[in-house]
Amino acid sequence: MTPEPPRFYFEDLELGGVIDTPAITVTEAHVQTYRGLTRELDDDAHAVPELLPLCLTTGLGWRTAQPPLVVLAFLGLEWRVLRSLRVGDTIHSRSRVVTKRPMREGGVIVEEREVLDQHGEAVQRGKFTFLVGKRPKEVAA
Amino acid sequence: MTELRRYFDDIALGEEYESPGRTVTEADIVTFAGLSGDYNVLHTDAEFMRQSIFGERIAHGLLGLAVQAGLFTRATQAYATLALVGLRWKFKGPIKIGDTIRLRAKVVAKTEAEKPDRGLVTVQRTILNQREEVVQEGETDLLVERRA
């Protein structure tokens with residue numbers, strides 16, 4: 001057996017700790033792939049669809065030093081788009097857990113998240129709610 | 001084709017739309033994983049997911065959200081939309097490979113904006129699967145141009 005990669009459980013999450021992700025430049029390729037996948041069309045090839053940075057922020061969360069969170073389900077989100085982005089802009093995200101509520105199976109967490117551009121300006125902002133797994137009782141040696 | 005777009009003034013409170021169906025494929029999920037960088041096992045590990053409560057890989061929630069944005073453009077004549085500015089959304093159930101989803105939408109609010117050349121249209125949206133189950137639902141706020 002290969003060793004299991006480290007994972008982050010409900011118990012491991014601390015309230016209020018701020019995590020900044022690495023950045024990604026939004027390219028024409030991202031926009032074209034997104035438009036092909038969704039058919040959300042626009043005549044302006046360099047306009048970034050509003051939902052694309054939201055989609056990219058979930059992947060950016062995988063590039064931090066914190067091991068991947070054991071997400072059992074994405075329950076919902078509230079989101080605001082503060083300003084538009086253009087192809088060539090570089091974004092990263094900043095998040096912190098603001099609520100932890102244990103349940104019988106796992107726990108519910110609410111995370112505040114922002115997408116910031118290359119000038120450090122918040123371009124999108126909101127809250128994500130996840131159902132997260134608890135650490136298994138038995139851990140194989 | 002600008003004249004075919006519908007302005008804030010043209011959109012009536014209570015209007016309802018229904019989109020055609022769209023079958024969500026394995027290719028959609030793999031493409032979305034590549035685009036977003038979200039390789040969570042929920043979406044990418046068929047063997048692991050066989051043991052899970054879902055029994056198989058499921059689509060990213062945000063893939064469903066993004067696909068419905070495209071379905072909206074096929075459900076009604078285009079709005080003169082300036083931007084999507086707000087979103088309140090719930091993921092109610094999984095979208096699995098081969099599921100066919102469609103969008104049902106209704107205009108639930110029209111609000112004056114600060115600038116006189118635009119208004120805010122709130123659209124309630126429901127994503128249904130082929131079994132008429134609600135898999136996602138929520139509201140979106142769209143800034144839409146007014147007629148000059």
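Below, chain A is the first sequence line, B the second, and so on; all start at residue 1. Please read all numbers here as calculations on a predicted model, not as lab measurements.
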Comparing B:G70, B:A33, B:A83 against chain A, the one with the most heavy-atom pairs below 4.5 Å turns out to be B:G70
Below 4.0 angstrom, N of the basic side chain to O of the carboxylate: do B:D117 and B:R146 qualify?
no
Contacting moiety of [X], where chain A heavy atoms sit under 4.5 Å:
X     : value
B:L35 : both
B:L63 : side chain
B:L82 : backbone

Using 0.5 Å steps for rounding, measure from the [atom1] atom of [X] to the [atom2] atom of [Y].
X      : Y      : atom1 : atom2 : answer
B:F48  : B:F54  : CZ    : CZ    : 11.0 Å
B:I29  : B:I97  : CD1   : CD1   : 4.0 Å
A:L52  : A:L85  : CG    : CG    : 9.0 Å
B:L103 : B:I101 : CG    : CD1   : 8.5 Å

Any link between B:I95 and A:L72 through a network of hydrophobic side chains (Ile, Leu, Val, Met, Phe, Trp, Tyr) touching at under 4.5 Å?
no
Shared ILVMFWY cluster between A:F74 and B:I58, side chains joined below 4.5 angstrom?
no
Which answer fits A:V71, side chain, backbone, both or neither, if we ask what part of it has an atom under 4.5 Å from a heavy atom of chain B?
both
Measure A:L54 against the heavy atoms of chain B and call it side chain, backbone, both or neither at under 4.5 Å.
both
Please go through A:V98's hydrophobic cluster and name the other residues, only I, L, V, M, F, W, Y counting, with side-chain heavy atoms under 4.5 Å joining them.
A:V110
For a quick check, list the donor-acceptor atom pairs closer than 3.5 Å between chain B and chain A, or say none.
| residue | atom | partner | partner atom | Å |
| --- | --- | --- | --- | --- |
| B:R22 | NH2 | A:L37 | O | 2.8 |
| B:S36 | O | A:G59 | N | 3.4 |
| B:D38 | OD1 | A:W62 | NE1 | 3.4 |
| B:T73 | OG1 | A:R39 | O | 3.4 |
| B:T73 | OG1 | A:R39 | NH1 | 2.8 |
| B:L84 | N | A:E50 | OE2 | 3.0 |
| B:V85 | O | A:V81 | N | 2.9 |
| B:L87 | N | A:W79 | O | 2.8 |
| B:L87 | O | A:W79 | N | 2.8 |
| B:W89 | N | A:L77 | O | 2.8 |
| B:W89 | O | A:L77 | N | 2.9 |
| B:F91 | N | A:L75 | O | 2.9 |

Show your reasoning for whether side-chain contact (heavy atoms from CB on, under 4.5 Å) applies to B:F91 and B:L62.
CA-CA 9 Å; B:F91 303 102; B:L62 292 179; 4.2 Å; yes
Scored by heavy-atom pairs under 4.5 Å with chain B, the best of A:L82, A:L69, A:L75, A:L56 is A:L75
